[in-house]
**Q** 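Let me give you the structure first, and then I'll get to my questions.
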Amino acid sequence: MAYSEFTLSKVREKFDLIIAEPDNLFAEVSTIEPSQILQTFLKENLNLATAINTEKARSELIITPILLEVRRNFNFQVGFFSGTEFNVDNESGLNGYCDYILTASAEIYEIRTPVVTLVEAKNENIKAGLGQCIAEMVAAQIFNQRQGNNITKIYGAITTGTDWKFLQLTDKNLSIDRRDYYIVEINQILGILSDPFQVKVT
């Protein structure tokens, strides 16, 4: 078994998760204005990405630039990993490749604690990515604990680039925000993605 084989029901049962679905989980998070660099890039490439309409195009032309903006905003002290193998517990199925991993560590050659945010790219079906993203969040929690870094919250996102669904894991409690965010709300998207790094970046 690997991350991609988990469904919502499988991950809930295997890891005894208590799942809640609040209406607006990140209502208190401050928005962040996108830089001129990101605004220009999205203006030039958003229509191209949606016209090609593949996961690869959406990842390269929308998702990656947004995540790199978060890294830029924290003076490149955020670790960014794309398509990286993250094998934490093979017996539990917590192994395989993650689309994106963000860490509160400046190291770029090796995934180091704390692993804070996991992002899964999907071409169209966000719901289909829930189990996979949650399994990766559980893996990050275990990985951090093994390294003696017991951060309280792990963040997750499933996105098509234009649509974003955010999650948060605290101990066994998983919250799935009922609200979806859209690319026109880039200020809110950047705010949520940046929130876990406000006090954790070293």
**Q** Determine the minimum heavy-atom distance between Leu61 and Phe41, stating which atoms define it.
**A**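 Looking at all heavy atoms of both residues, the closest pair is O-CE2, 3.3 Å.
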**Q** Tell me whether the count of non-hydrogen atoms from other residues, nucleotides or ligands lying under 6.0 Å of CD in Glu13 goes above 12.
**A** no
**Q** Test: side chain to side chain donor-acceptor pair (under 3.5 Å). Region: residues 107-119. Which pairs qualify, not counting sequence neighbours?
**A**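 Qualifying pairs: none.
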**Q** Output the distance between atom CG (Asn187) and atom CD1 (Ile189), rounded to the nearest 0.5 Å.
**A** 9.0 Å
**Q** Hey, does the side chain of Gln147 reach the backbone of Asn144 with a donor-acceptor pair shorter than 3.5 angstrom?
**A** no
**Q** Regarding Thr160 and Thr162, is there a side-chain donor-to-acceptor distance under 3.5 Å anywhere?
**A** yes
**Q** Is there a side chain to side chain contact (heavy atoms under 4.5 Å, CB included) between Ile134 and Leu169 once you walk through the steps?
**A** CA-CA 8 Å; Ile134 295 166; Leu169 178 65; 5.9 Å; no
**Q** Is there side-chain contact between Ile186 and Glu33, with at least one heavy-atom pair below 4.5 Å?
**A**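 Result no, sub-4.5 Å side-chain heavy-atom pair not found.
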**Q** For a side chain to side chain contact (heavy atoms under 4.5 Å, CB included) check, start with the C-alpha distance between Leu193 and Glu69, then their side-chain angles and the critical distance, and finish with the verdict.
**A** CA-CA 10 Å; Leu193 288 170; Glu69 174 91 344; over 6 Å; no
**Q** Is a side-chain donor or acceptor of Glu120 paired with a backbone partner of Asp99 at a separation under 3.5 angstrom?
**A** yes
**Q** Heavy atoms, side chains only, cut-off 4.5 Å: are Ile154 and Leu118 in contact?
**A**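 They are in contact (side-chain heavy atoms under 4.5 Å apart), so the answer is yes.
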**Q** Run Ile126 and Thr159 through side chain to side chain contact (heavy atoms under 4.5 Å, CB included) and show every step you take.
**A** CA-CA 6 Å; Ile126 283 181; Thr159 179; 5.7 Å; no
**Q** If I take atom CD1 from residue Ile183 and atom CG from residue Leu42, how far apart are they, to the nearest 0.5 angstrom?
**A** 5.5 Å
**Q** Please check: side-chain N/O of Asn45 versus main-chain N/O of Leu48, any donor-acceptor pairing under 3.5 Å?
**A**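 No; judged by distance alone, with no hydrogens or angles, the pair does not exist.
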**Q** Atom NZ of Lys165 and atom CG of Asp180: how far apart are they, to the nearest 0.5 Å?
**A**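 Those atoms lie 4.0 Å apart.
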**Q** For Phe74, does its backbone N or O pair with a side-chain atom of Gln77 as donor and acceptor, under 3.5 Å?
**A**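 No; judged by distance alone, with no hydrogens or angles, the pair does not exist.
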**Q** Tell me whether the count of non-hydrogen atoms from other residues, nucleotides or ligands lying under 6.0 Å of NZ in Lys56 goes above 12.
**A** no
**Q** Any idea which heavy atoms bring Asp23 and Asp177 closest together, and the distance?
**A**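 Between these two residues, the closest heavy atoms are O-OD1, 3.3 Å.
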**Q** Which atom pair, heavy atoms only, marks the closest approach of Ser59 to Pro65?
**A**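 Smallest interatomic distance, heavy atoms only, reads O-CD, 4.2 Å.
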**Q** Does some side-chain heavy atom of Lys122 sit less than 4.5 Å from a side-chain heavy atom of Asp163?
**A** no
**Q** Are side-chain N/O atoms of Asn87 and Glu85 paired as donor and acceptor at under 3.5 Å?
**A**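 Looking only at side-chain atoms, Glu85 and Asn87 do form a donor-acceptor pair, the distance falling under 3.5 Å.
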**Q** Are the side chain of Gln39 and the backbone of Pro34 linked by a donor-acceptor contact shorter than 3.5 Å?
**A** yes
**Q** Walk me through it: do Asn95 and Tyr3 pass the test side chain to side chain donor-acceptor pair (under 3.5 Å)?
**A** CA-CA 6 Å; Asn95 58 276; Tyr3 298 123; over 6 Å; no
**Q** Can the ring centroids of Tyr181 and Phe26 be said to lie less than 6.0 angstrom from one another?
**A**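 So the answer is no for these two rings.
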**Q** How many angstroms lie between atom CG of Asn149 and atom CZ of Phe143, to the nearest 0.5 angstrom?
**A** 9.5 Å
**Q** Let me confirm one number: the CH2-CD distance from Trp164 to Glu185, rounded to the nearest 0.5 Å.
**A**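 Trp164 atom CH2 to Glu185 atom CD measures 12.5 Å (nearest 0.5 Å).
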**Q** Rounded to the nearest 0.5 Å, what separates atom CD in Glu136 from atom SG in Cys98?
**A** 3.5 Å
**Q** Can you name the closest pair of heavy atoms from Thr170 and Gln141 and give their distance?
**A**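 Residues Thr170 and Gln141, closest heavy atoms: C-NE2, 4.2 Å.
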**Q** Would you say Thr64's side chain and Glu60's backbone share a donor-acceptor pair under 3.5 angstrom?
**A** no
**Q** Quick one, Thr103 and Ile101 - any side-chain contact, counting heavy atoms below 4.5 Å?
**A** yes
**Q** Compare all side-chain heavy atoms of Pro196 with those of Lys153 and state whether any distance is below 4.5 angstrom.
**A**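 Side chain of Pro196 against side chain of Lys153, heavy atoms only: no contact under 4.5 Å found.
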**Q** What's the verdict on side chain to side chain contact (heavy atoms under 4.5 Å, CB included) for Tyr100 and Phe80, showing C-alpha distance, side-chain angles and the deciding distance?
**A** CA-CA 7 Å; Tyr100 298 97; Phe80 171 87; 3.8 Å; yes
**Q** Does Ala57 offer a backbone N or O that forms a donor-acceptor pair with the side chain of Thr54 under 3.5 Å?
**A**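 Pair found, side chain donor or acceptor close to backbone of Ala57.
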**Q** Quick check: do Ile158 and Leu167 have side-chain heavy atoms less than 4.5 Å from each other?
**A** yes
**Q** Can you name the side-chain contact (heavy atoms from CB on, under 4.5 Å) partners of Ser92, sequence neighbours left out?
**A** Lys14, Phe15, Asp89, Leu94
**Q** Which heavy atom of Ile63 sits nearest a heavy atom of Gly161, and at what distance?
**A**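 Ile63 and Gly161 have their closest heavy atoms at CG1-CA, 3.7 Å.
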**Q** For a 4.5 angstrom cut-off between non-hydrogen side-chain atoms, does Tyr155 reach Gln168?
**A**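 Yes, their side chains come closer than 4.5 Å.
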**Q** Does any N or O in the side chain of Arg71 come within less than 3.5 Å of the main-chain N or O of Leu102, such that one atom is a donor and the other an acceptor?
**A** no
**Q** Can you list the residues that meet the salt bridge (Lys or Arg N to Asp or Glu O under 4.0 Å) rule with Glu21, with sequence neighbours excluded?
**A** Arg178
**Q** Using a 3.5 Å distance criterion without hydrogens, assess whether the side chain of Ser194 forms a donor-acceptor pair with backbone atoms of Gly191.
**A** no
**Q** Under 4.5 Å between any side-chain heavy atoms of Thr50 and Arg58, yes or no?
**A**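 Side chain of Thr50 against side chain of Arg58, heavy atoms only: contact under 4.5 Å found.
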**Q** Over all heavy atoms of both residues, which pair between Tyr97 and Gly83 is shortest? Give the atoms and the distance, please.
**A** CD2-O, 3.4 Å
